[in-house]
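The structure appears below as structure tokens.
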Amino acid sequence: MNILDKIIVDKRREVILKKSIIPVSQLEASVFFSKKTISLSENLKNSTSGIIAEHKRRSPSKAEINYSFTVEEVVKGYESAGACGISVLTDGKYFGGSLDDLLLARASVNIPLLRKEFIVDEYQILEAKAYGADLILLIAAVLTREEIKSLSEFAKSLGLEVLLEVHNQEELEKSIMPTLDMIGVNNRNLKTFEVSLDFSKQLASQIPDEFVKISESGISSIEAITELKPFGYKGFLIGENFMKTDNAGKAAKEFIMKLN
């Protein structure tokens with residue numbers, strides 16, 4: 001069993017436990033349920049940098065990235081740096097995140113927020129909306145075509161945008177449908193953790209133009225983005241590169257200034 005399979009087993013159990021104590025009606029009572037979401041896809045289309053900056057304390061491949069900032073400090077830094085949107089990890093066991101991180105981020109900034117999570121159930125999409133997210137992530141590697149369809153339709157019914165993440169052509173082919181807004185290519189193979197920009201380059205021409213193309217993981221230089229832009233990528237998700245510094249917002253600002 002690889003790390004991704006382990007995460008999904010744990011996640012399904014986590015959802016069952018949460019459902020047993022917090023009813024859907026409680027999530028739907030959130031102040032955010034009536035709030036209009038902010039579009040990341042539109043922001044990316046109109047941006048010269050396309051940076052989606054991530055709040056991530058640790059990951060399975062890196063035991064500790066950074067625990068020394070508050071969420072507010074990080075996300076306000078990202079917003080003032082000119083990020084198009086912010087990705088907030090909400091998984092606890094593997095990434096040290098929580099839904100409270102999403103809530104605090106929402107209270108701090110007015111740019112699009114992605115709930116970065118391993119979504120396997122509609123309940124998690126309700127949570128995303130209730131805690132202030134503007135979009136969700138669906139990972140093709142762990143979902144069937146039918147699941148991607150039903151989960152993306154449900155997200156759209158709540159006014160959330162959908163970013164679908166793929167690693168290879170097979171995942172891309174099974175996933176293309178009109179209820180997606182953005183397609184992200186993860187340059188990290190989640191089974192082996194090997195990172196290569198070739199994943200993004202090889203899949204670029206297979207992604208239909210109606211979807212905003214995003215490249216995720218392993219982007220740590222201006223050169224990487226310059227290399228990927230001719231392939232039609234409008235968004236670039238960067239986490240560790242900013243979080244590992246002693247001032248994530250400042251690191252993002254310097255990076256984005258070089259791009260513009």
Side-chain angles (χ1 to χ4, degrees), residues 1-16 18-19 24 27 37 39-42 44 52 54 85 87-91 94-95 99 102 112-131 133-191 199-200 202-217 232-235 237:
M1 192 188 272
N2 63 50
I3 186 71
L4 191 54
D5 296 333
K6 275 198 196 108
I7 292 173
I8 296 303
V9 168
D10 287 342
K11 198 54 63 179
R12 290 190 190 280
R13 185 77 198 127
E14 187 183 296
V15 172
I16 289 167
K18 282 185 167 182
K19 276 180 165 176
V24 165
L27 294 173
T37 46
S39 169
L40 176 63
S41 61
E42 286 306 313
L44 291 173
I52 304 156
E54 190 158 80
S87 164
V88 181
L89 260 305
T90 61
D91 172 78
Y94 297 92
F95 290 88
L99 276 166
L102 183 58
L113 294 179
L114 163 68
R115 180 184 187 188
K116 184 86 173 282
E117 181 57 271
F118 299 86
I119 290 182
V120 292
D121 193 289
E122 286 183 0
Y123 185 83
Q124 294 163 289
I125 301 174
L126 287 168
E127 284 181 326
K129 179 73 176 169
Y131 281 77
D134 298 291
L135 65 149
I136 57 149
L137 177 74
L138 296 178
I139 301 172
V142 300
L143 300 167
T144 64
R145 180 173 174 83
E146 290 65 39
E147 287 171 327
I148 293 167
K149 185 173 187 291
S150 64
L151 292 169
S152 58
E153 284 173 354
F154 186 67
K156 299 299 279 184
S157 76
L158 297 178
L160 296 167
E161 286 194 319
V162 179
L163 164 60
L164 179 95
E165 178 182 298
V166 299
H167 299 90
N168 56 43
Q169 191 158 347
E170 189 189 339
E171 289 175 10
L172 180 62
E173 283 171 0
K174 81 168 181 187
S175 307
I176 290 173
M177 56 188 75
T179 40
L180 309 174
D181 300 282
M182 294 154 276
I183 293 181
V185 179
N186 193 335
N187 298 307
R188 176 177 284 117
N189 181 326
L190 288 182
K191 292 175 180 170
F199 288 117
S200 282
Q202 286 157 6
L203 286 178
S205 62
Q206 314 292 319
I207 301 173
D209 288 340
E210 64 258 38
F211 305 109
V212 175
K213 293 179 200 174
I214 294 175
S215 186
E216 310 168 14
S217 294
Y233 286 95
K234 298 291 286 178
L237 193 137

Atom CZ in Phe199, atom OG in Ser217: separation rounded to 0.5 Å?
10.5 Å
Report the C-alpha separation of Val162 and Thr179 in whole Å, then their side-chain angles, then the decisive distance to 0.1 Å, and conclude whether the side chain to side chain contact (heavy atoms under 4.5 Å, CB included) test is met.
CA-CA 7 Å; Val162 179; Thr179 40; over 6 Å; no
Minimum-distance pair of heavy atoms, taken over all atoms of Leu102 and Ala133
CD2-CB, 4.0 Å
Look only at the side chain of Glu161 and the backbone of Leu40, and say whether a donor-acceptor pair between them is shorter than 3.5 Å.
yes
If the condition is salt bridge (charged side-chain N to carboxylate O under 4.0 Å, His left out), which residues does Lys6 pass it with, not counting sequence neighbours?
none
So CD1 of Ile52 and OG of Ser87: to nearest 0.5 Å the spacing works out to 8.0 Å
Minimum heavy-atom distance between Leu135 and Pro112, given as atom pair plus value:
CD2-CB, 4.3 Å
Take Leu137 and Phe118 through the side chain to side chain contact (heavy atoms under 4.5 Å, CB included) test and state the conclusion after the steps.
CA-CA 8 Å; Leu137 177 74; Phe118 299 86; over 6 Å; no
Verify side chain to side chain contact (heavy atoms under 4.5 Å, CB included) between Asp5 and Ile7, making sure each step is shown before the conclusion.
CA-CA 5 Å; Asp5 296 333; Ile7 292 173; over 6 Å; no
Phe211 and Leu164, any side-chain heavy atoms less than 4.5 Å apart
no
Leu163 and Gly184 have their tightest heavy-atom pair at CD1-N, 3.5 Å
Is the shortest heavy-atom distance from the side chain of Asp121 to the side chain of Gln124 under 4.5 Å?
yes
Run the salt bridge (Lys or Arg N to Asp or Glu O under 4.0 Å) test on Asp181 and Lys156 for me, step by step, so that the C-alpha distance in whole Å, both residues' side-chain angles and the decisive distance to 0.1 Å come before the verdict.
CA-CA 10 Å; Asp181 300 282; Lys156 299 299 279 184; 2.7 Å; yes
Val166 and Ile183 have their tightest heavy-atom pair at CG2-CG2, 4.2 Å
Is the closest side-chain heavy-atom distance between Leu89 and Glu54 below 4.5 Å?
yes
Lys116/Asp91 ion pair, N-O < 4.0 Å
no
Crowded around Tyr233 OH? As in, over 12 foreign heavy atoms under 6.0 Å?
yes
Applying side chain to side chain donor-acceptor pair (under 3.5 Å) to Glu117 and not counting sequence neighbours gives Lys11, Thr90, Arg115
Salt-bridge contact Lys174-Glu170 (side-chain N to carboxylate O under 4.0 Å)
no
For the atom pair NZ (Lys149) and CZ (Phe154), what is the distance rounded to the nearest 0.5 Å?
14.5 Å
Roughly how far, to the nearest 0.5 Å, is the CD atom of Glu171 from the CG atom of Leu143?
10.0 Å
Is it true that a side-chain atom of Gln206 and a backbone atom of Leu203 form a donor plus acceptor pair closer than 3.5 Å?
no
N/O donor-acceptor pair under 3.5 Å between Asp134 side chain and Leu113 backbone
yes
Ion pair Arg188/Glu216, N-O distance below 4.0 Å:
no
Carefully, step by step, assess Ser215 and Leu237 under the rule side chain to side chain contact (heavy atoms under 4.5 Å, CB included).
CA-CA 6 Å; Ser215 186; Leu237 193 137; over 6 Å; no
Are side-chain heavy atoms of Leu160 and Lys129 found at a separation under 4.5 Å?
yes
For the side chain of Glu153 and the backbone of Ser150, is there at least one donor-acceptor N/O pair under 3.5 Å apart?
no
With distance as the sole test, does Lys213 use its side chain to make a donor-acceptor pair with the main-chain N or O of Ala204 at under 3.5 Å?
yes
Kindly compute the distance separating CG (Leu138) from CE (Met182), expressed to the nearest 0.5 Å.
10.5 Å
With no hydrogens and no angle check, is any side-chain donor or acceptor of Thr37 less than 3.5 Å from a backbone partner on Gly159?
yes
Please report the interatomic distance CD1(Ile214) to NZ(Lys234), rounded to the nearest 0.5 Å.
11.5 Å
Between Pro208, Ser152, Ser41, which is the residue that forms a side-chain contact (heavy atoms from CB on, under 4.5 Å) with Leu180?
Ser152
